[in-house]
Amino acid sequence: MSPAMNFIDGAWRPATAGTLRNVINPADGSVLAQVADSTVEDTRLAIAAARRAFYEIGTWRRMSGAKRAALLYKVADVIQADAGRLAEVDCLDNGKPLREAQADVDDAVACFRYYAGLIGKPQGGVYEVPDGFGEMHAYAMHEPVGVCGLITPWNYPLLMATWKLAPALAAGNSVVLKPSELTPLSAIELFKIFEKVGLPPGTANLVLGTGPAAGQELAASDQVDMITFTGSTRTGQVIATQAVGNLKKVGLELGGKSPNIIFADADFEGAVEWAMIGVFFNQGQVCSAGSRILIEESLKDRFVERLAQRARGMRIGPGLTNPDIGAIVSQAQLDKVLGFIDRARASGARVVCGGRRHVADGCERGYFVEPTVIDGCTPDMEIVREEVFGPAVSIQTFRTEQEAITMANDTRYGLAGGVFTSDGARALRVMKELRAGITWINCYNPTFNEAPWGGYKMSGYGRDLGVNGLLEYQQVKQVNINLHPGPVGWYAQA
Ligand code: NAI
Ligand code: MG
């Protein structure tokens with residue numbers, strides 16, 4: 001396979017330094033592909049192309065919303081027609097189970113269609129302003145921000161790119177996408193689709209490479225009008241700091257340590273399975289993962305026993321074999337996850353099941369971790385405080401509703417949280433007290449294009465998806481119209 005290149009100004013071009021980087025299949029450590037390993041020079045070329053397309057040529061931003069929508073519907077159609085292959089690309093590159101990769105592709109198709117539809121709907125408002133200088137009308141119009149830098153993570157390669165590209169493009173912006181260096185392959189496929197449907201050159205640009213070398217310039221450059229990022233809280237802080245130079249708009253969707261609160265009156269088997277979906281889906285590499293189970297004391301033993309029994313029954317294997325648990329994305333993340341589990345053990349917590357690298361049955365060379373349940377956790381432990389981003393969940397108990405709420409909010413993060421109970425009023429009371437941007441009641445992790453997604457506290461700011469997701473990529477302009485153009489007589493006549 002020939003190395004994949006950057007897509008800049010409508011053309012595929014190698015990194016200016018000519019260097020390449022290997023893309024690894026985490027199921028066996030083999031090299032899947034080689035791609036351009038860009039430097040700041042390449043990012044600057046992409047930014048310049050995006051600026052020319054937006055500020056000088058202006059084809060995309062001046063195009064009617066209906067025409068932009070038609071092109072984005074075409075993007076969705078082409079993704080859908082090639083869905084099987086695209087799912088395999090993310091499955092191989094990221095390590096996730098095939099059915100989860102297939103769901104990501106379906107969601108990406110729906111996301112492009114959602115924003116294609118939304119851009120044609122009414123936006124802004126008209127206001128009558130009868131006071132002050134006389135009778136006037138004001139209206140608000142929504143305009144694209146300009147050049148948007150988009151930096152995406154490796155856990156949902158195609159979907160995170162889509163969550164940003166679909167609204168940014170629908171709004172009429174020019175974009176530069178820097179996908180994760182660990183999983184760039186589906187983004188490359190997506191840009192081939194952009195090329196095929198004929199987005200105007202320079203509208204959507206792709207730069208492949210690492211964060212510090214290729215990504216950071218998108219945050220730092222005063223030629224970029226906005227940066228949106230999904231990834232770690234630490235990198236989010238770097239990006240926010242870099243972005244301050246020209247006060248560009250910033251959107252950050254960062255880490256989490258989300259509480260999953262289970263009351264004794266919850267549907268038992270339902271709560272067990274949703275708790276598994278909450279922390280084992282995508283090998284636990286989900287920003288919203290329900291990685292802290294807070295459970296009512298009276299139910300704890302029975303619940304932990306059943307959860308561990310079901311976790312032990314999960315099939316671990318290469319993504320293409322459609323297991324319950326696939327590979328962790330990289331050797332570094334594998335080591336990181338195992339380190340968290342080892343230190344939890346050392347700090348006195350009890351590993352009830354899992355806790356080790358899985359190396360049997362064709363997994364010998366891959367980065368697999370057994371689904372892990374850790375009981376006996378106390379609030380000060382690292383396993384309770386830090387994002388693991390792997391298939392490991394800590395268990396803590398509470399006695400009262402208030403205690404559950406206090407424990408749930410005892411974190412610097414605020415991305416998500418779940419509540420399981422058959423008492424509807426209690427579910428709503430607890431949900432309302434959670435300092436988190438996404439909450440689930442009697443379920444965990446389902447996400448919809450229609451509803452806004454994002455965090456409180458150190459989980460970031462700004463929202464992906466929904467109407468809010470489009471607004472992020474727009475500026476609002478106020479237009480005031482004087483209905484009586486004559487003199488107003490404000491100053492003394494001279
Ligand atoms: P990361 O936040 O460093 O990487 C995410 C993206 O940011 C990648 O595209 C990367 O190239 C880019 N990046 C890294 N440094 C950058 C910089 N200085 N300027 C601009 N872009 C930069 O995450 P990493 O190191 O891959 O994973 C570490 C931890 O981050 C995980 O263990 C997990 O806890 C968390 N994480 C959270 C995600 C989420 O969905 N909220 C996604 C991925 C990781
Ligand atoms: Mg990979």
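We count ligands from 1, going down the list as the structure has it; atoms in each ligand are counted the same way. Treat the numbers as computed from the prediction; the structure is a model and nothing was measured. The residues of the chain are indexed from 1 along the displayed sequence.
The N/O atoms of Thr210, backbone and side chain alike, include none that comes under 3.5 Å of an N/O atom in ligand 1. On a distance-only criterion, Glu181 and ligand 1 share at least one N/O pair closer than 3.5 Å. Of the N or O atoms in Gly211, one or more lie within a sub-3.5 Å distance of an N or O in ligand 1. At under 3.5 Å, a nitrogen or oxygen of Leu254, whether backbone or side chain, sits near a nitrogen or oxygen of ligand 1.
Taking backbone and side chain together, Val23 holds no N, O or S atom under 2.8 Å from the Mg ion (ligand 2). Between the Mg ion (ligand 2) and Leu182 there is an N/O/S contact shorter than 2.8 Å.
The closest side-chain donor-acceptor pair between Glu253 and Trp163, if any, does not fall under 3.5 angstrom. Between the side chains of Gln102 and Arg99, no donor-acceptor pair is found at a separation under 3.5 Å. For the residue pair Tyr473/Thr228, the side-chain donor-acceptor check at 3.5 Å is satisfied. A donor and an acceptor atom, one from each side chain of Thr210 and Asp37, are nowhere located under 3.5 Å apart. Judged purely by distance below 3.5 Å, without hydrogens or angles, the side chains of Ser38 and Lys178 never pair a donor atom with an acceptor atom. If you check the side chains of Thr183 and Asn94, you find no donor sitting under 3.5 Å from an acceptor.
Set against the non-hydrogen atoms of Phe229, the atoms of ligand 1 under 4.0 Å away are 2 (O), 5 (C), 6 (C), 7 (O). Residue contact check: Lys178 has heavy atoms under 4.0 Å from atoms 8 (C), 9 (O), 10 (C), 11 (O) of ligand 1. In the vicinity of Thr152, heavy-atom distances shorter than 4.0 Å reach the ligand 1 atoms 6 (C), 8 (C), 9 (O). Near Ile151, meaning under 4.0 Å from one of its heavy atoms, ligand 1 places the atoms 6 (C), 7 (O), 9 (O), 12 (C), 20 (C), 21 (N). Near Gln216, with a cut-off below 4.0 Å to any heavy atom, the atoms of ligand 1 are 17 (C), 18 (N), 19 (N), 20 (C). The atoms of ligand 1 that sit less than 4.0 Å from any heavy atom of Glu387 are 33 (C), 34 (O), 35 (C). For ligand 1, the atoms sitting less than 4.0 Å from at least one non-hydrogen atom of Pro153 are 42 (C), 43 (C), numbered in the order shown with element in parentheses. Against a heavy-atom cut-off of under 4.0 Å, Cys287 is close to the following atoms of ligand 1: 39 (C), 40 (O), 41 (N).
Ile24 contributes O and Asp93 contributes O; the angle these two atoms make at the Mg ion (ligand 2) is 100°, rounded to 10°.
Of the protein's heavy atoms, Thr235 CG2, 3.4 Å lies nearest to atom 15 (N) of ligand 1. Taking atom 29 (C) of ligand 1 as the reference point, the nearest protein heavy-atom neighbour is Lys336 NZ, 3.3 Å. Among all non-hydrogen protein atoms, the one lying nearest atom 25 (O) of ligand 1 is Gln333 OE1, 4.8 Å. Scanning all protein heavy atoms for the shortest distance to atom 30 (O) of ligand 1 gives Ser232 CB, 2.9 Å. At the top of the distance list for atom 38 (C) of ligand 1, counting protein heavy atoms only, stands Phe389 CZ, 3.3 Å. Regarding atom 26 (O) of ligand 1, its nearest protein heavy-atom neighbour is Trp154 NE1, 2.6 Å.
Less than 4.0 angstrom separates atom 18 (N) of ligand 1 from at least one non-hydrogen atom of the protein. The presence of a protein heavy atom under 4.0 Å from atom 2 (O) of ligand 1 is confirmed.
Remark: Arg343 qualifies as a cation-pi partner of Phe340 under the 6.0 Å distance and 45° angle criteria applied to the six-membered ring.
The closest side-chain heavy-atom distance from Pro391 to Ile328 is below 4.5 Å.
Between Arg385 and Asp410 a salt bridge is recorded (basic side-chain N to carboxylate O distance below 4.0 Å). Arg85 has no carboxylate O lying under 4.0 Å from a charged side-chain N of Glu88, or vice versa, which leaves the two without a salt bridge. Checked for salt-bridge contact, Arg412 and Glu386 meet the test: a charged N lies under 4.0 Å from a carboxylate O.
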Problem set entry | Derivation and outcome, side chain to side chain donor-acceptor pair (under 3.5 Å), residues Glu195 and Trp12 | CA-CA 10 Å; Glu195 183 185 26; Trp12 297 94; 2.9 Å; yes
For this session: Take Arg350 and Asp375 through the salt bridge (Lys or Arg N to Asp or Glu O under 4.0 Å) test and state the conclusion after the steps.
Result: CA-CA 5 Å; Arg350 187 170 67 91; Asp375 196 4; 3.5 Å; yes
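The line from CZ of Arg357 to OH of Tyr367 is 7.5 Å long, rounded to the nearest 0.5 Å.
Heavy atoms of Tyr156 come nearer than 4.0 angstrom to ligand 1 in no pair at all.
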